[in-house]
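Here's the structure we're looking at; comments come further down.
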Amino acid sequence: MAAATVLVAGLCVARRAVAVAGPRGAQRRREGNEPAMNDALHRPGHRGRHRVRGASAVTDGNEVAKAQQAAPGGAAPTIFSRILDRSLPADILYEDQQCLVFRDVAPQAPVHFLVIPKKPIPRISQAEEEDQQLLGHLLLVAKKTAKAEGLGDGYRLVINDGKLGAQSVYHLHIHVLGGRQLQWPPG
């Protein structure tokens with residue numbers, strides 16, 4: 001019985017590894033003289049192309065559970081505010097004065113990164129008229145980063161809002177997912 005349990009666990013790990021790699025397998029690497037999206041704004045010595053993968057490539061309800069327990073506001077810093085202040089590491093792809101782009105630590109597709117504003121807007125439903133330019137900027141940065149990540153055949157943008165929208169971090173963020181055929185409808 002113990003041997004069967006170990007075999008099943010091994011198969012589950014192998015299935016997750018294949019699901020993470022997806023049909024594209026190894027990701028496109030930047031050629032020697034190909035510039036990064038904005039080399040001047042990357043961390044010194046950081047190429048921004050290595051992968052950070054989570055344990056599971058398939059949402060198993062864990063994100064919904066996290067969203068149900070997440071605090072919609074409060075004095076404690078969010079994981080994203082800690083990435084912004086560099087107290088938590090991240091695989092940063094792009095940064096400018098208004099936003100930061102980094103890879104998701106639990107990717108749901110072969111390419112999965114987040115675009116976050118530096119201004120702390122907890123939810124898209126709490127954005128104000130004065131945030132109009134910033135919100136447009138986030139979408140354009142998502143488009144440019146998707147192109148730089150080789151997603152010319154398409155990708156999906158997702159913004160979760162609130163508990164029922166499965167928002168688990170109360171700092172506005174845009175998920176950009178691609179690198180495989182995405183299914184419809186989501187969720």
Side-chain angles (χ1 to χ4, degrees), residues 16-59 63 78-121 124 127 131-161 167-169 171-184 186:
R16 287 182 184 141
V18 170
V20 168
R24 284 176 36 155
Q27 298 300 305
R28 175 186 169 287
R29 298 277 181 198
R30 182 169 49 149
E31 299 301 321
N33 64 351
E34 180 184 354
M37 196 164 140
N38 189 342
D39 279 335
L41 295 174
H42 279 81
R43 292 191 316 246
H46 179 72
R47 286 179 54 110
R49 295 288 184 197
H50 66 277
R51 290 242 156 277
V52 176
R53 297 217 183 262
S56 172
V58 180
T59 300
E63 287 302 311
T78 68
I79 190 169
F80 295 160
S81 62
R82 294 182 63 209
I83 289 171
L84 283 167
D85 73 12
R86 303 303 199 265
S87 63
L88 273 181
D91 187 358
I92 297 173
L93 300 174
Y94 176 82
E95 181 175 18
D96 62 24
Q97 295 77 22
Q98 299 178 76
C99 69
L100 185 71
V101 180
F102 54 92
R103 295 195 192 282
D104 194 298
V105 296
Q108 301 300 307
V111 177
H112 184 175
F113 58 88
L114 302 172
V115 181
I116 67 169
K118 290 186 174 180
K119 177 181 178 181
I121 302 169
I124 188 66
D131 298 320
Q132 183 174 356
Q133 186 277 334
L134 174 60
L135 297 174
H137 179 73
L138 297 176
L139 292 175
L140 291 174
V141 167
K143 176 193 83 157
K144 291 175 189 174
T145 309
K147 182 177 180 182
E149 288 294 302
L151 298 179
D153 289 337
Y155 50 91
R156 179 172 293 159
L157 303 179
V158 177
I159 300 175
N160 301 325
D161 185 72
Q167 184 175 2
S168 58
V169 178
H171 184 121
L172 176 63
H173 54 287
I174 301 171
H175 293 265
V176 182
L177 302 106
R180 67 172 167 80
Q181 179 61 60
L182 300 172
Q183 302 301 309
W184 194 262

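FYI, the numbering just counts along the sequence from 1. This structure is a prediction, so every number in the text was calculated from the model and none was measured. FYI, side chains are in, hydrogens and waters are out, and symmetry mates aren't considered; it's all heavy atoms of this structure.
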Are F113 and Y155 near enough that their ring centres are under 6.0 Å apart? no
Does atom NZ of K147 have more than 12 heavy-atom neighbours, drawn from other residues, nucleotides or ligands, at distances under 6.0 Å? no
From L93 atom CG to L114 atom CG, the distance as rounded to the nearest 0.5 Å: 9.5 Å
Between R86 and L84 (side chain of the first, backbone of the second, donor and acceptor by atom type, cut-off under 3.5 Å), is there such a pair? yes
Compare every heavy atom of D161 with every heavy atom of Q167, then report the nearest pair and how far apart it is. OE1-CA, 3.4 Å
Restricting to non-hydrogen atoms, name the atom on G178 and the atom on A109 that form the minimum distance, rounded to 0.1 Å. O-CB, 3.5 Å
Determine, step by step, whether V115 and T145 satisfy the side-chain contact (heavy atoms from CB on, under 4.5 Å) criterion, reporting the C-alpha distance in whole Å, the side-chain angles of both residues, the deciding distance to 0.1 Å, and the verdict. CA-CA 9 Å; V115 181; T145 309; 5.5 Å; no
Take R103 and E149 through the side-chain contact (heavy atoms from CB on, under 4.5 Å) test and state the conclusion after the steps. CA-CA 11 Å; R103 295 195 192 282; E149 288 294 302; 2.9 Å; yes
Check the surroundings of atom CG in L88: do more than 12 heavy atoms from other residues, nucleotides or ligands lie under 6.0 Å from it? yes
Quickly, which of V176, L177, L138 forms a side chain to side chain contact (heavy atoms under 4.5 Å, CB included) with L157? Name it, please. V176
Residues, nucleotides or ligands: over 12 heavy atoms within 6.0 Å of Q133 CD: yes
For the pair Q108 (side chain) and A106 (backbone), establish whether a donor and an acceptor sit closer than 3.5 Å, ignoring hydrogens and angles. yes
Are C99 and Y94 close enough that some pair of their side-chain heavy atoms sits under 4.5 Å apart? yes
Does any part of the side chain of D96, heavy atoms only, come nearer than 4.5 Å to the side chain of H137, both counted from C-beta? yes
Interatomic distance, L135 atom CG to L172 atom CG [nearest 0.5 angstrom]: 6.5 Å
To the nearest 0.5 angstrom, please state how far the CG atom of N160 sits from the NE2 atom of H173. 5.5 Å
Interatomic distance, CG@L139 vs NZ@K143, rounded to 0.5 Å, equals 10.5 Å
So which heavy atom on P117 is nearest to which on H171, and how close? O-NE2, 2.7 Å
Between A90 and I83 the two heavy atoms that sit nearest each other are CB-CG2, 3.7 Å
Parallel under 30°, tilted from 30 to 60°, perpendicular over 60°: which one fits the rings of H112 and H175? tilted
Separation between NZ of K119 and CG of D131, rounded to the nearest 0.5 Å: 3.5 Å
If you draw a 6.0 Å radius around CG in D85, do more than 12 non-hydrogen atoms from other residues or ligands fall strictly inside? yes
Report the distance from atom CG of L100 to atom CD1 of I116, rounding to the nearest 0.5 Å. 5.0 Å
